[in-house]
Amino acid sequence: EHLAGHLSTCLKGLDEALFGGIPFGVLTELVGPAGIGKTQFCLKLSFLAALPPSYGGLAGRVIYIDVEYKFSSRRMIEIGMRSFPDVFQKKDMAKEMAGRILVLRPASLSEFTESLHKIKVSLLEQEIKLVIIDSMAALITGEYEQGAPKQHSLGWHISFIKSIAEFARIPIVVTNQVRSRNRNEVSHYSFQGLSCSEIQECSSGYDSHLVAALGVHWAHSVTIRLVLEAKSGQRFIKLAKSPMSPPLAFPFSITSSGISL
Ligand code: GTP
């Protein structure tokens with residue numbers, strides 16, 4: 001895997017642990033319970049990818065797969081204005097930045113990969129510098145849980161998404177929701193012949209619900225996994241999987257300027 005280039009998260013400790021930020025060419029997953037801040041993180045990353053290089057951005061366009069109607073261009077601009085007020089001294093900058101985000105709302109994973117297939121060759125000339133899928137589990141729910149006819153297996157779609165990241169040398173950031181941990185809940189679970197402990201090992205940060213939805217193939221396809229969680233009222237972002245860093249956790253908060261350490 002070629003980790004040529006990074007999208008800075010502007011979160012100093014995290015960028016350092018990731019040797020510059022979210023790596024190009026691979027999948028990065030944000031996992032956490034509802035309301036922890038995954039979408040807020042994605043809004044910030046979208047702004048940063050669109051930001052001029054003089055401010056540390058990639059001056060690119062972003063494809064934002066907004067499965068659950070959570071994208072807010074107003075909130076993204078607010079995060080940007082609070083973090084980089086100078087940028088907005090230039091006239092019409094808010095409009096320009098918002099215009100760099102292409103928001104898609106496909107009804108299924110097939111529809112999404114189909115549209116990705118169509119624009120694959122133009123990703124480079126369109127200067128797409130980031131693809132966000134918010135959220136992957138929600139995107140597959142329609143076709144895989146309801147048993148609708150499918151042209152390709154989930155594994156095919158996952159491989160295709162990975163190949164897009166490699167081909168276009170861009171980061172693909174995917175969110176996934178886990179249920180918040182309930183210590184009293186005992187789950188007896190096995191998936192494709194793997195025992196509970198094997199599932200936990202290969203899908204650290206997951207719960208059985210997500211493994212059931214996405215499968216173990218997904219867990220292995222992700223190069224970076226960031227787990228967002230809350231403990232005693234403090235939010236943490238944990239680098240749960242990375243080829244170049246030990247597991248590290250950073251406390252963070254969500255303010256008007258977005259996610260900050
Ligand atoms: P799901 O999509 O439900 O899995 O949640 P998520 O992890 O994507 O959560 P999201 O990113 O939507 O974060 C929700 C949290 O962000 C809220 O609990 C708020 O604390 C915070 N938040 C959202 N919007 C704002 C805002 O405009 N200002 C501030 N200060 N905080 C906000």
Side-chain angles (χ1 to χ4, degrees), residues 7 9-11 14 22 27-50 62-85 88 94 97-98 101 103-109 112 130-142 145 171-182 185 203-214 218-219 222 224-241 249-261:
L7 168 60
T9 65
C10 279
L11 305 171
L14 186 62
I22 309 287
L27 305 188
T28 294
E29 187 184 32
L30 306 176
V31 188
I36 193 72
K38 301 180 294 294
T39 299
Q40 296 297 306
F41 200 162
C42 291
L43 294 176
K44 183 158 194 179
L45 291 178
S46 300
F47 182 85
L48 292 169
V62 177
I63 296 180
Y64 198 112
I65 311 301
D66 183 27
V67 185
E68 297 175 300
Y69 293 77
K70 293 192 67 195
F71 178 83
S72 159
S73 135
R74 216 195 97 259
R75 174 62 176 148
M76 186 193 74
I77 295 302
E78 180 189 33
I79 292 170
M81 278 181 163
R82 301 264 178 177
S83 313
F84 300 91
F88 292 90
M97 294 299 282
I101 319 298
V103 180
L104 302 179
R105 295 189 173 120
S108 67
L109 186 58
F112 164 59
L130 173 67
V131 174
I132 286 181
I133 307 174
D134 186 14
S135 78
M136 183 72 182
L139 193 56
I140 68 158
T141 300
E145 282 190 358
I172 297 192
V173 175
V174 173
T175 70
N176 271 312
Q177 199 191 98
V178 291
R179 294 168 181 164
S180 42
R181 262 158 237 221
N182 179 353
E185 192 179 286
S203 55
S204 136
Y206 284 5
D207 62 13
S208 52
H209 165 75
L210 195 61
V211 177
L214 287 168
W218 172 257
V222 167
I224 306 283
R225 178 169 304 115
L226 299 169
V227 175
L228 284 69
E229 59 189 19
K231 267 185 204 148
S232 329
Q234 173 66 58
R235 287 175 158 106
F236 289 91
I237 183 158
K238 214 163 76 184
L239 186 50
K241 181 181 176 186
F250 306 92
F252 75 93
S253 53
I254 306 176
T255 65
S256 53
S257 59
I259 299 259
S260 48
L261 292 188

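Indexing begins at 1, ligand by ligand and atom by atom, following the structure's order.
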- Item | Contacts of type ring-ring contact (aromatic ring centres under 6.0 Å, His included), residue Phe252, not counting sequence neighbours | none
- Taking only residues two or more places apart in sequence or in another chain, which ones pass side chain to side chain contact (heavy atoms under 4.5 Å, CB included) with Glu29? Val31, Asn176, Tyr206, Trp218, Val222, Arg225
- Task: Could you tell me whether the side chain of Arg82 and the main chain of Ile77 form a donor-acceptor pair under 3.5 Å?
- Result: no
- Query: Within the side chain of Lys38, is there an N or O that forms a donor-acceptor pair under 3.5 Å with the backbone of Pro33?
  - Reply: yes
- Across all chains, not counting sequence neighbours, the side chain to side chain contact (heavy atoms under 4.5 Å, CB included) partners of Ser73 are Phe71, Ala98
- Query: If you take all heavy atoms of Ala94 and Met81, which pair is closest and at what distance?
  - Reply: CB-CE, 4.4 Å
- Note on the structure: At a 4.0 angstrom heavy-atom cut-off, ligand 1 is contacted by Pro33, Ala34, Gly35, Ile36, Gly37, Lys38, Thr39, Gln40, Lys70, Arg75, Glu78, Gln177, Arg235, Ile254, Thr255, Ser256
